[in-house]
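Working notes, structure below.
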Amino acid sequence: MKAPSVKLPIFTSDGQFVAHYSEKGLAELDFPANGRAELPLGQNAQQLPSKVRRWHRATVAALKQVLAGRSPKKFPPLDLSGGTTFQRQVWNALRKIARGQTKSYGEIARAIGRPRAVRAVGGACGANPIPVLVPCHRVLAANGKLGGFSGGLDWKRKLLTREGVSL
DNA sequence: GTCACCTTAGAAG
DNA sequence: CTTCTAAGGTGAC
């Protein structure tokens, strides 16, 4: 049962992101497509439910705040029902990392009571459907190095730098 | 079943 | 210091 989703573009100075909304809220956020070739969207803003338009406004504002290295005042409701229990625990822990702060995969693992599931935390970060707003980029390797990032290490570096984190 | 993945502490060389 | 090993959760094949 795949929840019906609405896709809306978000134009930023870093490219065109795409937000996916389910009945519950923001369910996915995509980084700008490489090269920018794809624009699958054709939603008429007029016929969208008002709640979706409201969520989208919050998403756009929040995304731009984070891209600018600041803390969003407001977030749209996040629909993380697509993940497993373990993944949701990880994502929830990620959301507690404030702007400019970083944690290691090991610290997240301990925070959710799974001290040995370090690599699994890495996996959950990679599976994060809402990058940037769920700050998977604030997780570094234990020795202070960047670690990986499926969205592209450039983004990880860029986002952290804008938040004032030095590597 | 097997493999690859955003890891890491510890033991061995 | 460098190299190797073992340990978790999950999705792709």
Side-chain angles (χ1 to χ4, degrees), chain A residues 1-5 7 10 12-38 40 59 62-72 75-167:
Chain A
M1 182 86 79
K2 171 105 172 154
S5 75
K7 303 184 195 179
I10 300 178
T12 75
S13 48
D14 291 295
Q16 181 191 321
F17 286 72
V18 180
H20 302 225
Y21 297 92
S22 68
E23 292 302 311
K24 296 179 177 175
L26 176 64
E28 184 179 334
L29 184 62
D30 302 333
F31 278 113
N34 197 15
R36 83 198 349 236
E38 45 188 284
T59 301
L63 174 61
K64 290 186 175 176
Q65 287 293 299
V66 179
L67 289 178
R70 300 210 293 281
S71 299
F75 283 93
L78 306 183
D79 178 8
L80 300 176
S81 62
T84 63
T85 301
F86 176 82
Q87 292 171 331
R88 281 198 299 270
Q89 290 182 91
V90 172
W91 298 335
N92 191 56
L94 295 181
R95 295 179 58 197
K96 293 178 184 162
I97 308 176
R99 177 216 87 110
Q101 286 192 316
T102 60
K103 289 211 168 210
S104 69
Y105 295 93
E107 287 176 307
I108 298 294
R110 287 193 289 280
I112 63 176
R114 289 296 233 299
R116 251 101 38 70
V118 199
R119 286 172 296 157
V121 168
C125 287
N128 170 21
I130 313 180
V132 186
L133 296 192
V134 174
C136 44
H137 60 279
R138 294 183 185 140
V139 185
L140 304 181
N143 52 15
K145 285 186 302 195
L146 261 189
F149 197 67
S150 41
L153 278 174
D154 289 348
W155 278 105
K156 192 167 182 175
R157 243 191 305 274
K158 185 186 300 184
L159 290 167
L160 287 172
T161 299
R162 291 180 185 177
E163 293 184 4
V165 175
S166 49
L167 308 169

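Not measured: the values here are computed from a predicted model. Within every chain, numbering begins at 1; the chains are lettered A, B, ... in the order of the sequence lines, protein sequences first and strands thereafter.
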Heavy atoms, side chains only, cut-off 4.5 Å: are [X] and [Y] in contact?
{"X": "His20(A)", "Y": "Leu29(A)", "answer": "no"}
{"X": "Pro131(A)", "Y": "Cys136(A)", "answer": "yes"}
{"X": "Leu140(A)", "Y": "Tyr105(A)", "answer": "no"}

message = Check Lys158(A) with Asp14(A), please: is the shortest side-chain N to carboxylate O separation under 4.0 Å?
response = yes

ask   = Less than 4.0 Å between a side-chain N and a carboxylate O, is that true for Glu163(A) and Arg138(A)?
value =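 Glu163(A) and Arg138(A): salt-bridged.
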
Say we look at [N] and [M]: how far apart would their [atom1] atoms be, to the nearest angstrom?
{"N": "dT10(C)", "M": "dA9(B)", "atom1": "C1'", "answer": "23 Å"}
{"N": "dG11(C)", "M": "dT8(B)", "atom1": "C1'", "answer": "23 Å"}
{"N": "dT5(C)", "M": "dC3(B)", "atom1": "P", "answer": "16 Å"}

query = Could you run down nucleotides 5-10 of chain C 5' to 3' and tag each one B, S or - for protein heavy-atom contact under 4.0 Å?
reply = --BBSS

ask   = Is the backbone N or O of Leu78(A) less than 3.5 Å from a side-chain atom of Lys24(A), with the two atoms forming a donor-acceptor pair by type?
value =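 Absent.
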
request  = Could you tell me whether Trp155(A) and Phe149(A) have their ring centroids closer than 6.0 angstrom?
outcome  = no

query = What closest approach, in Å, do Trp91(A) and Val134(A) show between heavy atoms, and which atom pair accounts for it?
reply = O-CG1, 3.9 Å

key: Heavy-atom closest contact (Pro135(A) atom, Leu94(A) atom, distance)   =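 Between these two residues, the closest heavy atoms are CG-O, 3.3 Å.
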
ask   = For DNA chain B, what is the dot-bracket line, given that a base pair needs Watson-Crick (N1 to N3, plus N6-O4 or O6-N4) or G-U wobble (N1-O2 and O6-N3) geometry with both distances under 3.5 Å, and | means paired with another strand?
value = |||||.|||||||

message = Looking at Arg88(A), I want to see if its CZ is surrounded by more than 12 non-hydrogen atoms of other residues, nucleotides or ligands under 6.0 Å.
response = yes

note = In numerical order, the residues of residues 136-151 of chain A whose heavy atoms come under 4.0 Å of DNA chain C are none

